[in-house]
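Just so you know, residue 1 is the first one in the sequence shown, and it goes up from there. Keep in mind that what you see is a predicted model, and the values were worked out from it rather than measured.
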Amino acid sequence: MDLAAIDPLSLPSLPLVDRVQLPVCPAVYFVLESDRILYIGRSGNLKQRWVIHHRYSQLQRLNNVRIAWLECSDASLLPEIEAALIEYFQPSLNGELIPSVAGKPPRVGAYISLQLKTDLENLAKKEQRTLSNFIAVVLQRVIDEARRKGEID
């Protein structure tokens with residue numbers, strides 16, 4: 001892959017606020033502020049990744065933030081492509097702690113059955129997520145639905 005030929009500014013992109021319109025596809029994504037690359041990541045499902053992204057609250061405080069993506073037909077290549085692009089572009093936020101969770105991030109513990117844990121791990125793997133991230137996404141969906149129904153503020 002010729003990394004110099006990849007121009008993140010010419011890739012398909014959407015404003016951060018329109019992240020729910022991202023496509024469902026495996027991709028390496030670029031978070032851009034104007035013409036500056038802030039962050040590079042990867043996901044087997046780009047749209048779902050941005051339902052709850054660990055940097056969203058940090059990024060929404062910035063101006064002119066866009067998400068650009070490079071679709072990848074073979075999701076197994078995503079880690080290698082992401083690593084090469086991070087090394088090549090050296091985005092400023094990759095490898096930095098998120099200011100709002102610097103130190104110890106909040107944790108929630110729960111006792112669950114072994115079967116439930118296995119099922120959660122299998123679903124997380126299918127969606128190419130860590131178990132922790134998958135559980136956070138599922139919980140966020142439940143909370144969003146409760147808000148939509150007016151069950152919580």
Side-chain angles (χ1 to χ4, degrees), residues 1-102 105-108 120-153:
M1 173 181 286
D2 181 9
L3 300 176
I6 297 173
D7 177 10
L9 301 177
S10 68
L11 293 172
S13 69
L14 288 171
L16 181 65
V17 296
D18 294 335
R19 69 192 191 284
V20 296
Q21 295 175 28
L22 288 164
V24 175
C25 67
V28 173
Y29 58 86
F30 300 80
V31 178
L32 309 168
E33 183 183 34
S34 298
D35 63 348
R36 193 168 62 115
I37 301 170
L38 299 175
Y39 188 81
I40 297 174
R42 65 179 155 95
S43 178
N45 182 333
L46 183 62
K47 181 176 185 167
Q48 191 168 30
R49 175 68 181 107
W50 281 92
V51 167
I52 179 170
H53 192 284
H54 65 285
R55 290 205 181 265
Y56 179 72
S57 61
Q58 175 188 24
L59 295 169
Q60 75 180 113
R61 293 187 290 252
L62 303 174
N63 296 315
N64 235 359
V65 175
R66 298 185 67 76
I67 304 165
W69 64 93
L70 177 64
E71 191 168 344
C72 182
S73 59
D74 184 351
S76 70
L77 298 175
L78 288 172
E80 182 181 336
I81 295 169
E82 176 197 31
L85 290 168
I86 290 170
E87 184 177 333
Y88 182 79
F89 287 106
Q90 297 288 304
S92 58
L93 296 179
N94 283 86
E96 286 193 8
L97 292 178
I98 303 166
S100 62
V101 293
R107 295 180 59 102
V108 175
L120 287 168
E121 287 170 337
N122 288 336
L123 287 170
K125 184 177 181 181
K126 182 178 177 184
E127 294 190 16
Q128 297 183 333
R129 294 179 174 278
T130 64
L131 179 58
S132 178
N133 178 261
F134 179 75
I135 291 169
V137 168
V138 170
L139 290 173
Q140 187 65 55
R141 286 182 196 151
V142 170
I143 289 169
D144 290 346
E145 179 66 14
R147 280 197 178 105
R148 189 186 65 72
K149 291 178 178 179
E151 297 171 346
I152 58 174
D153 294 329

Query - Test side-chain contact (heavy atoms from CB on, under 4.5 Å) applied to N122 and K126, step by step - result: CA-CA 6 Å; N122 288 336; K126 182 178 177 184; over 6 Å; no
Query raised in the report: Do the side-chain N and O atoms of Y39 and H53 include a donor-acceptor pair separated by under 3.5 angstrom?
Result: no
**Report entry** Over 12 foreign heavy atoms within 6.0 Å of CD, Q140
**Finding:** yes
Requested in this report: Would you indicate whether the side-chain heavy atoms of F89 and L3 approach each other to under 4.5 Å?
Outcome: no
**Report entry** Any V24 side-chain heavy atom under 4.5 Å of L46 side chain
**Finding:** no
Query raised in the report: If you take all heavy atoms of P91 and I86, which pair is closest and at what distance?
Result: CD-O, 3.5 Å
Query raised in the report: NZ of K47 to CD1 of I67: how many Å apart, nearest 0.5 Å?
Result: 12.5 Å
Query - Check: V31 and L59 side chains under 4.5 Å, non-hydrogen atoms - result: yes
**Report entry** Q60 atom CD: more than 12 heavy-atom contacts under 6.0 Å
**Finding:** yes
Requested in this report: Please report the closest heavy-atom contact between E82 and G41, naming both atoms and the distance.
Outcome: OE2-CA, 3.4 Å
Query - Spatial distance of atom CZ (F30) from atom CD1 (I6) [nearest 0.5 Å] - result: 6.0 Å
**Report entry** Residues E145, K149: salt bridge by 4.0 Å N-O rule
**Finding:** yes
**Report entry** Sub-4.5 Å side-chain heavy-atom contact between I143 and R147
**Finding:** yes
Query - Criterion side-chain contact (heavy atoms from CB on, under 4.5 Å) on V65 and L32, from CA distance to verdict - result: CA-CA 5 Å; V65 175; L32 309 168; over 6 Å; no
Query raised in the report: Closest heavy-atom contact between R55 and L93?
Result: NH2-O, 2.9 Å
Query raised in the report: Going from NZ on K125 to OG1 on T130, what distance comes out if it is rounded to the nearest 0.5 angstrom?
Result: 14.0 Å
Query raised in the report: Within 45 degrees of the axis of the six-membered ring of Y56 and under 6.0 Å from its centre: does R19 put its NZ or CZ there?
Result: yes
Query raised in the report: Atom CG in L62, atom CG in L16: separation rounded to 0.5 Å?
Result: 9.0 Å
Query raised in the report: Under the 3.5 angstrom rule, does the side chain of N94 hit a backbone N or O of I40 as a donor-acceptor pair?
Result: yes
Report task. Provide the closest heavy-atom pair for A75 versus P26 in the form atom of the first, atom of the second, distance. Result -> CB-CB, 4.0 Å
Report task. Starting at CZ of R42, measure out to CG of L85 and round the result to the nearest 0.5 Å. Result -> 12.0 Å
Query raised in the report: Which atoms form the tightest heavy-atom contact between A124 and F134, and what is the distance?
Result: CB-CB, 3.6 Å
Query - Distance (rounded to the nearest 0.5 Å) between R49 CZ and E127 CD - result: 12.0 Å
Report summary line: Between L78 and C72 the two heavy atoms that sit nearest each other are CD2-CB, 3.7 Å
Requested in this report: Consider only side-chain N and O atoms of S43 and N45, and report whether a donor and an acceptor are under 3.5 Å apart.
Outcome: no
